[in-house]
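This report concerns only the one structure given below.
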Amino acid sequence: MSQEEPALSPLARAVRAGFDTDTQYGSVTPVLYPSTNYRFPCLGQGKPPFDYARTTNPTRSLLARALADLEHGVDATVTASGLGAITTTIEALVGPRGRVVAPADCYGGTWRLLDHLASRERIEIDFIDMADPGQVQAALAAPAELVLVETPSNPLLRITDIAATAELAHAHGALLVADNTFCSPLLSNPIDLGADVVLHSTTKFINGHSDVVGGVVVSSTTELGEQVQHWAGTLGLTGGSWDSWLTLRGLRTIDARLRVHQENTAAVVELLQASDMVPVVNYPGLPDHPGHELAARQQNGFGSLLSFELDGGFEAVKAFAEGLVAIDLAESLGGTESLLAHPATMTHVGMTPEARAAAGISDSLLRLSVGIEPIGDLTADLTAALERAARAAQA
Ligand SMILES: *Cc1c(COP(=O)(O)O)cnc(C)c1O
């Protein structure tokens with residue numbers, strides 16, 4: 001590089017991932033490699049860089065490199081789903097019947113996975129309130145191999161102190177794994193705060209268009225990265241090349257998307273807070289949110305997920321959710337489109353009612369993933385929904 005060429009920022013490098021890789025025609029965007037297998041140039045001289053696509057694939061490698069860089073990690077393994085990322089992490093890093101400590105209010109699918117692994121005696125699991133340092137301390141009094149944090153939590157947006165939890169986990173010989181799906185690598189980099197491994201459901205903000213299911217495990221050391229890569233290939237949980245190519249395309253707009261996501265979220269929060277129908281809004285950007293200062297310290301923004309309680313019982317919840325025109329009633333989050341979910345009957349239905357109650361997920365809680373639509377359409381839709389809910393509550 002000559003003296004005059006400016007060095008690219010990590011974000012610019014990530015959103016340009018693969019731009020200089022087509023040596024045949026010089027295509028600007030990278031070529032997709034769907035091939036499952038690659039020729040060995042000669043016999044007995046070891047493997048070529050890519051041999052079989054379950055283990056390694058050039059398109060997946062581009063995405064993995066971009067995500068490792070964005071998360072300030074050493075290495076990354078792209079998986080077929082976010083739960084594939086968690087399964088791979090557990091198999092790679094937890095021994096037989098090893099103990100895992102996880103948040104009681106984690107993603108519903110994660111809760112089910114850990115619960116099922118425990119029921120088969122693959123692991124031992126303790127679900128705790130991860131935002132309460134006293135509970136973390138108490139849980140680590142017994143030996144543990146892995147502590148999972150998910151911050152902000154789903155769907156209550158509780159904030160966990162990553163640096164403090166990493167320190168506690170390390171002091172007790174456990175690894176700290178952070179599910180950073182809700183923040184994306186742009187709003188938080190848990191490895192900088194002491195996490196050993198960061199994982200994402202790339203289905204959400206990283207792909208950002210609700211058209212690919214995928215995951216990634218980013219490791220802070222080469223050794224952890226090799227174990228994760230080995231287990232992903234062994235389990236057959238690596239991501240497909242088409243999915244990787246689409247996810248690379250989604251990643252290119254992540255910065256612009258997140259700016260609009262957050263701008264819209266601020267307006268939506270203001271609208272909900274002003275309503276008599278909404279007694280509680282859970283959003284870490286609010287100064288009275290219990291995790292506000294912590295989120296301001298460890299995140300680069302408050303994100304575009306929020307949840308709120310609606311007065312008026314189930315009829316009001318139903319009236320609010322049915323009849324929306326700019327917002328879809330659907331699971332998932334982090335796409336360009338705004339989505340409303342009712343955790344008790346949708347995202348968190350896999351939890352037992354007792355587990356939901358313990359986690360603080362009531363039947364009148366609604367979660368919003370605020371999209372990047374014109375804000376006027378969102379506020380008009382929400383205003384009408386609140387009026388429907390108020391009428392239903394009076395009926
Ligand atoms: C969606 C999600 C997952 C699971 O990811 P999939 O891609 O659906 O398998 C895990 N953790 C969090 C926080 C999620 O939002």
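Quick note: numbers below take in every heavy atom, side chains included, and nothing from hydrogens, waters or symmetry partners. Atoms within each ligand, like the ligands themselves, are counted from 1 in listed order. Residue numbers count from 1 along this sequence.
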Number the atoms of ligand 1 from 1 as they appear, then name those within less than 4.0 Å of a heavy atom of Thr203, with their elements. 7 (O)
At less than 4.0 angstrom from any non-hydrogen atom of Asp179, what atoms of ligand 1 do you find? 10 (C), 11 (N), 12 (C), 13 (C)
Short N or O distance, Gly82 and ligand 1, threshold 3.5 Å exclusive: yes
Please report which non-hydrogen protein atom sits nearest to atom 1 (C) of ligand 1, along with the residue it belongs to and the distance in Å to one decimal place. Lys204 NZ, 1.4 Å
Taking every heavy atom of Gln273 against every heavy atom of Val281, the minimum-distance pair comes out as CG-CG2, 3.9 Å
Leu83, portion touching ligand 1 at heavy-atom distance under 4.0 Å: both
Evaluate Ser201 for polar contact with ligand 1, using N/O atom pairs at a separation under 3.5 Å. yes
Could you walk me through whether Glu331 and Thr347 pass the side-chain hydrogen bond (donor to acceptor under 3.5 Å, both in side chains) check? CA-CA 6 Å; Glu331 295 186 353; Thr347 50; 5.7 Å; no
Compute whether any side-chain donor of one residue and acceptor of the other, for Thr110 and Glu150, lie under 3.5 angstrom apart. no
Between the side chain of Gln298 and the main-chain N/O of Ile162, is any donor-acceptor distance below 3.5 Å? yes
We want to know whether Gln229 and Asp75 form a side-chain donor-acceptor pair, criterion being a heavy-atom distance below 3.5 angstrom. no
Please list, in number order, the atoms of ligand 1 under 4.0 Å from a heavy atom of Glu150. 13 (C)
Spatial distance of atom CG (Asp311) from atom OG (Ser275) [nearest 0.5 Å]: 8.5 Å
Do me a favour and list the nearest non-hydrogen protein atom to atom 8 (O) of ligand 1 with residue, atom name and distance? Tyr107 OH, 3.8 Å
Ring centroids only, cut at 6.0 angstrom: are His261 and Phe205 within range, meaning strictly under it? yes
Numbered in order shown, the ligand 1 atoms found under 4.0 Å of a heavy atom of Gly214 are 7 (O)
